[in-house]
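Residues take their numbers from the sequence shown, with the count starting at 1.
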Amino acid sequence: MKVYLVRHADAIPAAPVLPDASRHLSADGRASFRETARRLMDDGVRPSLILSSPLVRALQTADILAERLEYEGEVSSSLLLGPGFDLEKMNEILLSFPGETEIALVGHEPDIGRIVARLLGRPGGFAMPKGGVAAFSFPDSGKRDKGTFVWLRDGERRVDDLSDL
């Protein structure tokens, strides 16, 4: 199973009059993630399932991803992908969809970065860039606490070698 861990694209800044869950993507965030998603299409990314945090900025990122990848399914949201998402919740999600071959999970920082760091065995952490996508390959069954790094996409830049991170 391939899993794409996606951090939502750049969002408008927090403001006292706007609940955090309602923050939406900035114009730059939408434009830059459209380009990233186009590059993902060129990379051969074809998720059979796209799941998102229910927060607006993540759902908008997931919608752009679905549109650019010509995804035919429905983008779904899961409370598990909201703030506080961790490796155990990721496993819960993945075990709920045993027949899927490629899953894109759209969430937030610092959660996505912590999962990437744990999968990479980096105790110092990892700062996932806005609109960044990390691809991992996992065994088709069992707990997914150890994955194989495939690549990381940060806009135009694609990193295939862990030593370049």
Side-chain angles (χ1 to χ4, degrees), residues 1-11 25 29-30 32-55 57-69 71 73 75-78 80-97 100-140 142-165:
M1 169 186 285
K2 275 192 184 171
V3 176
Y4 305 103
L5 296 169
V6 183
R7 180 182 179 192
H8 69 75
D10 184 57
L25 295 182
R30 287 190 303 274
S32 67
F33 194 72
R34 279 190 185 97
E35 182 58 27
T36 296
R38 184 193 64 76
R39 291 178 189 281
L40 293 172
M41 174 76 121
D42 294 344
D43 289 339
V45 172
R46 301 290 185 278
S48 53
L49 179 66
I50 298 176
L51 291 174
S52 173
S53 157
L55 278 62
R57 56 194 179 273
L59 283 168
Q60 288 176 324
T61 301
D63 284 341
I64 292 169
L65 183 66
E67 177 186 327
R68 285 298 217 197
L69 298 181
Y71 174 71
V75 172
S76 299
S77 67
S78 170
L80 294 174
L81 278 158
F85 180 59
D86 59 18
L87 195 56
E88 289 71 29
K89 290 177 183 175
M90 184 184 85
N91 276 305
E92 187 176 336
I93 290 170
L94 298 180
L95 291 171
S96 298
F97 298 97
E100 301 295 340
T101 56
E102 291 188 35
I103 298 178
L105 303 174
V106 183
H108 308 273
E109 195 63 6
D111 305 329
I112 297 291
R114 286 182 184 142
I115 292 172
V116 169
R118 190 157 165 206
L119 292 172
L120 295 176
R122 292 186 171 221
F126 183 81
M128 190 70 169
K130 292 177 183 179
V133 181
F136 287 88
S137 178
F138 293 92
D140 289 333
K143 191 173 180 184
R144 275 100 174 172
D145 56 350
K146 297 222 185 311
T148 302
F149 173 78
V150 180
W151 49 256
L152 174 85
R153 163 101 26 222
D154 177 10
E156 291 183 21
R157 187 181 111 176
R158 177 175 154 153
V159 177
D160 297 292
D161 187 340
L162 279 174
S163 63
D164 292 335
L165 290 177

Main chain of Glu156, side chain of Arg153: is a donor-acceptor contact present, judged purely on distance under 3.5 Å? yes
Closest heavy-atom pair, Ile64 versus Arg34, reported as atoms and distance to 0.1 Å, is CG2-CG, 3.7 Å
Heavy-atom pair of closest approach, residues Leu152 and Phe126: CD2-CZ, 4.0 Å
Using modelled atom types and a 3.5 Å cut-off, is there a donor and acceptor pairing between side-chain atoms of Asp43 and backbone atoms of Val45? no
Test salt bridge (charged side-chain N to carboxylate O under 4.0 Å, His left out) applied to Lys89 and Glu92, step by step: CA-CA 5 Å; Lys89 290 177 183 175; Glu92 187 176 336; over 6 Å; no
Restricting to side chain to side chain donor-acceptor pair (under 3.5 Å), what partner residues turn up for Arg46, sequence neighbours left out? none
Backbone of Ala58 reached by a side-chain donor or acceptor of Ser52 within 3.5 Å: yes
Just to verify, what does Ser78 make a side-chain contact (heavy atoms from CB on, under 4.5 Å) with, not counting sequence neighbours? Leu80, Leu81, Ile93
Does Ser48 use its side chain to pair, donor to acceptor, with the backbone of Glu100 at less than 3.5 Å? no
Are side-chain heavy atoms of Leu105 and Ile115 found at a separation under 4.5 Å? no
Which distance, rounded to the nearest 0.5 Å, do you find between the NZ of Lys130 and the CG of Asp10? 4.5 Å
Stepwise salt bridge (charged side-chain N to carboxylate O under 4.0 Å, His left out) check, Arg118 with Glu88: CA-CA 11 Å; Arg118 190 157 165 206; Glu88 289 71 29; 3.2 Å; yes
Any residue meeting side chain to side chain donor-acceptor pair (under 3.5 Å) with Glu102, in chain and number order, not counting sequence neighbours: Tyr4
Is there a donor-acceptor pair under 3.5 Å between the side chain of Asp111 and the backbone N or O of Gly84? yes
Could you check whether any side-chain heavy atom of Asn91 comes within less than 4.5 Å of a side-chain heavy atom of Phe138, counting everything from C-beta outward? no
Check whether any side-chain heavy atom of Tyr71 sits under 4.5 Å from a side-chain heavy atom of Asp63, and report yes or no. no
Among Val116, Asp161, Leu162, Asp160, the one residue meeting side chain to side chain contact (heavy atoms under 4.5 Å, CB included) with Phe149: Leu162
Using the rule given for side-chain contact (heavy atoms from CB on, under 4.5 Å), can you reason through Val106 versus Val75, listing the C-alpha separation, both sets of side-chain angles and the distance that settles it, and then say yes or no? CA-CA 10 Å; Val106 183; Val75 172; over 6 Å; no
Taking every heavy atom of Ile103 against every heavy atom of Met1, the minimum-distance pair comes out as CD1-CE, 4.0 Å
Side-chain H-bond candidate by donor/acceptor type, Ser53 with His8, under 3.5 Å: no
Closest heavy-atom pair and its distance - Ser137, Val150: N-CG2, 3.8 Å
Exactly one of Val133, Leu40, Thr36 clears side chain to side chain contact (heavy atoms under 4.5 Å, CB included) with Leu65, and that residue is Leu40
Looking at Arg57 and Ala11, what are the two nearest heavy atoms and their distance? CD-CB, 3.6 Å
Any side-chain heavy atom of Met90 sitting closer than 4.5 Å to one from Leu5? yes
To check you understand the geometry: which heavy-atom pair defines the closest contact between Ala9 and Thr61, and what is its length? N-OG1, 3.1 Å
In the structure I gave you, are the side-chain heavy atoms of Val6 and Ile112 within less than 4.5 Å of one another anywhere? no
Are the side chain of Arg7 and the backbone N or O of Met128 linked by a donor-acceptor pair below 3.5 Å? yes
